[in-house]
Amino acid sequence: MAKGFLLIVSGPAGTGKGTVCKELLERNKDIVYSISATTRKPRVGEVDGVNYFFIDDEEFKNKINNNEFLEHAYVHTNYYGTPKEFVIDQVDKGEIVLLEIDVQGALQIKKNYPEAVFVFLLPPTMEELKNRIVKRGTETPEDINRRFENAFKELDFVGEYDYFVVNEKIEDAISDIESIIRAESVRVKRHSDIKEKIISQGGK
Ligand code: 5GP
């Protein structure tokens with residue numbers, strides 16, 4: 001069986017990660033989404049167990065102590081973490097698991113899971129990034145500034161990723177990620193039984 005893999009998508013706030021990932025999942029029903037846990041309060045319209053598992057600081061700390069996270073990080077004044085058991089089970093089943101996480105989390109995963117695929121989503125320009133953060137209207141002015149400053153810091157890490165995708169038009173960004181997935185799915189290293197498989201189909 002083909003091995004599944006982790007598909008990590010990171011990028012500064014305002015690059016449209018959420019929209020791109022949502023649309024990617026809509027169009028590719030075979031991709032499984034990893035729902036993170038967070039201590040952030042839900043935004044309007046966000047649903048517990050769908051967007052995130054919204055938990056308090058104490059529960060988050062317990063989960064760290066019980067080694068329940070594949071990675072976790074403190075981002076923009078809140079904790080975020082990827083539940084380990086779910087993700088590992090899905091990869092073992094051969095699934096492609098999408099993790100929309102920040103740079104710190106991605107670097108932790110890179111250390112332990114080098115076979116994961118790392119995609120960095122970029123805005124067309126930094127000016128456009130700021131416009132998008134402001135337009136979203138869900139953050140206070142302090143949050144907006146913090147997120148914009150963080151964006152520059154996060155950009156320093158693009159060199160750690162395997163691919164970059166520019167989100168100018170969402171259609172193109174999704175199509176780029178789909179191409180990455182297609183190519184990664186036919187990597188020989190993910191199909192250790194490919195020779196036996198083709199021979200077993202007969203024809204000699
Ligand atoms: P937001 O609060 O806007 O939903 O997310 C803030 C940041 O946290 C985003 O960069 C998002 O990718 C990141 N994030 C979401 N879930 C996780 C996670 O499980 N781990 C890490 N390291 N970052 C996450």
Side-chain angles (χ1 to χ4, degrees), residues 6-25 31-57 59-64 66-88 90-91 97-113 116-123 126 129-130 132-158 160-161 164-165 167 173 177:
L6 302 175
L7 176 69
I8 317 293
V9 175
S10 303
T15 39
K17 261 176 316 182
T19 317
V20 168
C21 289
K22 193 165 168 242
E23 195 60 35
L24 184 71
L25 290 162
I31 302 176
V32 178
Y33 184 64
S34 159
I35 303 169
S36 297
T38 184
T39 59
R40 170 168 76 62
K41 298 278 170 284
R43 295 191 186 116
V44 176
E46 284 185 329
V47 177
D48 185 39
V50 175
N51 304 91
Y52 284 103
F53 296 109
F54 294 101
I55 61 178
D56 62 20
D57 280 25
E59 200 177 344
F60 200 95
K61 277 178 194 142
N62 285 339
K63 285 183 185 295
I64 297 176
N66 295 334
N67 198 21
E68 288 179 41
F69 290 127
L70 195 69
E71 60 73 36
H72 64 274
Y74 188 68
V75 191
H76 313 310
T77 73
N78 288 295
Y79 288 101
Y80 295 83
T82 302
K84 189 193 275 181
E85 195 180 332
F86 173 78
V87 168
I88 299 296
Q90 295 298 317
V91 170
V97 186
L98 174 65
L99 274 66
E100 194 227 293
I101 62 173
D102 90 313
V103 166
Q104 305 168 67
L107 294 181
Q108 290 172 44
I109 291 185
K110 200 174 172 189
K111 258 195 252 152
N112 301 323
Y113 301 89
V117 179
F118 296 85
V119 176
F120 200 100
L121 203 61
L122 291 169
M126 292 310 275
L129 184 81
K130 186 144 197 189
R132 289 182 190 173
I133 301 177
V134 173
K135 248 198 241 158
R136 189 153 76 177
T138 52
E139 273 89 24
T140 62
E142 295 82 57
D143 272 338
I144 291 171
N145 285 334
R146 188 178 316 110
R147 281 170 189 246
F148 192 57
E149 276 162 27
N150 280 348
F152 281 92
K153 290 185 198 144
E154 286 180 83
L155 268 181
D156 282 342
F157 294 95
V158 65
E160 302 285 339
Y161 284 67
F164 70 87
V165 168
N167 185 22
I177 298 176

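This one's a predicted model, so the numbers in the text were calculated from it and none came from an experiment. Each ligand, and each atom within it, is numbered from 1 in the order the structure gives.
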Trainee: Heavy atom of Glu154 under 4.0 Å from ligand 1?
Mentor: no

Trainee: Considering non-hydrogen atoms of the protein only, which is the closest contact for atom 5 (O) of ligand 1, and what is the distance?
Mentor: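 Checking every protein heavy atom, the shortest distance to atom 5 (O) of ligand 1 gives Tyr52 OH, 3.4 Å.
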
Trainee: State the atoms of ligand 1, each with its element, that fall below the 4.0 Å cut-off from a heavy-atom position in Gly81.
Mentor: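 Those qualifying, in numeric order: 18 (C), 19 (O).
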
Trainee: Please say whether Val75 places an N or O atom under 3.5 Å from an N or O atom belonging to ligand 1.
Mentor: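 It does not: no N or O of Val75 is found under 3.5 Å from an N or O of ligand 1.
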
Trainee: Whether Asp156 and Lys153 form a salt bridge (side-chain N of Lys/Arg under 4.0 Å from carboxylate O of Asp/Glu) is what I want to check.
Mentor: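 Salt bridge flag = no for Asp156 with Lys153.
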
Trainee: About how many Å separate NZ of Lys130 and CG of Asn145, when rounded to the nearest 0.5 Å?
Mentor: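 If we round to the nearest 0.5 Å, Asn145:CG and Lys130:NZ are 5.0 Å apart.
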
Trainee: Which heavy atom of the protein is the closest neighbour of atom 2 (O) of ligand 1, given with residue, atom name and distance?
Mentor: Tyr80 OH, 2.5 Å

Trainee: Can you name the atoms of ligand 1, numbered from 1 with element, that are less than 4.0 Å from a heavy atom of Arg147?
Mentor: 2 (O), 3 (O)

Trainee: What I want to know is whether His72 and ligand 1 share at least one N or O pair that is separated by under 3.5 angstrom.
Mentor: no

Trainee: If you have a sec, work out which protein heavy atom is nearest atom 20 (N) of ligand 1 and how many Å separate them, to one decimal?
Mentor: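 Answer, as residue, atom name and distance: Glu71 OE2, 2.7 Å.
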
Trainee: Taking a cutoff of less than 4.0 Å between a non-hydrogen atom of the residue and any ligand atom, is Ala13 in contact with ligand 1?
Mentor: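 No.
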
Trainee: So if I count the atoms of ligand 1 from 1 in the order they appear, which ones are less than 4.0 Å from some heavy atom of Ala73?
Mentor: 22 (N)

Trainee: Any donor-acceptor pair under 3.5 Å linking the side chain of Ser34 with the backbone of Leu99?
Mentor: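 Between the backbone of Leu99 and the side chain of Ser34 there is no qualifying donor-acceptor contact (under 3.5 Å).
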
Trainee: How far does OH of Tyr33 sit from CD of Glu100, to the nearest 0.5 angstrom?
Mentor: 4.5 Å

Trainee: Give the ring-plane orientation class for His72 versus Phe69, where under 30° counts as parallel, over 60° as perpendicular and anything between as tilted.
Mentor: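 If you compare the ring of His72 with that of Phe69, the planes turn out tilted.
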
Trainee: Report the distance from atom CZ of Phe53 to atom OH of Tyr80, rounding to the nearest 0.5 Å.
Mentor: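 So the CZ of Phe53 and the OH of Tyr80 are separated by 15.5 Å.
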
Trainee: Flag the pair Lys41 and Glu46 as a salt bridge only when some basic side-chain nitrogen lies within less than 4.0 angstrom of an acidic carboxylate oxygen.
Mentor: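 Looking at Lys41 and Glu46, the cut-off is not met.
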
Trainee: Quick test: of every protein heavy atom, which one is nearest to atom 10 (O) of ligand 1, and how far off is it to 0.1 Å?
Mentor: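 Here the closest protein heavy atom is Lys17 NZ, 2.8 Å.
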
Trainee: Consider every N or O of Asp102 and every N or O of ligand 1, then say whether any pair is closer than 3.5 Å.
Mentor: yes

Trainee: Under a 3.5 Å distance rule, please check whether Glu68 uses its side chain to pair with a backbone N or O of Pro83 as donor and acceptor.
Mentor: no

Trainee: May I ask you to identify the nearest protein heavy atom to atom 16 (N) of ligand 1, giving residue, atom name and distance to one decimal place in Å?
Mentor: Ser36 OG, 3.1 Å

Trainee: Take Arg147 and Glu142 through the test salt bridge (Lys or Arg N to Asp or Glu O under 4.0 Å) and record every step on the way to the result.
Mentor: CA-CA 9 Å; Arg147 281 170 189 246; Glu142 295 82 57; over 6 Å; no

Trainee: We want to know whether Ser10 and Tyr161 form a side-chain donor-acceptor pair, criterion being a heavy-atom distance below 3.5 angstrom.
Mentor: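 The criterion, which ignores hydrogens and geometry beyond distance, is satisfied for Tyr161 and Ser10.
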
Trainee: Taking the six-membered ring where the residue is Trp, are the ring centres of Phe164 and Phe120 under 6.0 Å apart?
Mentor: no

Trainee: Check if Phe69 has a non-hydrogen atom at a distance under 4.0 Å from any atom of ligand 1.
Mentor: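 Distance cut 4.0 Å: Phe69 fails for ligand 1.
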
Trainee: For atom 3 (O) of ligand 1, find the nearest protein heavy atom and state the residue, atom name and distance (0.1 Å precision).
Mentor: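 It is Arg43 NH2, 2.9 Å.
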
Trainee: Identify, by atom number and element, the atoms of ligand 1 in contact range of Arg40, meaning under 4.0 Å from any of its heavy atoms.
Mentor: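 Listed by number with element: 1 (P), 2 (O), 4 (O).
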
Trainee: Please list, in number order, the atoms of ligand 1 under 4.0 Å from a heavy atom of Gly105.
Mentor: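 Counting atoms of ligand 1 from 1, those under 4.0 Å from Gly105 are 22 (N).
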
Trainee: Regarding atom 14 (N) of ligand 1: of the candidates Gln108, Lys41, Glu100, Gln104, which has the closest heavy atom?
Mentor: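 Closest candidate by heavy-atom distance is Glu100.
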
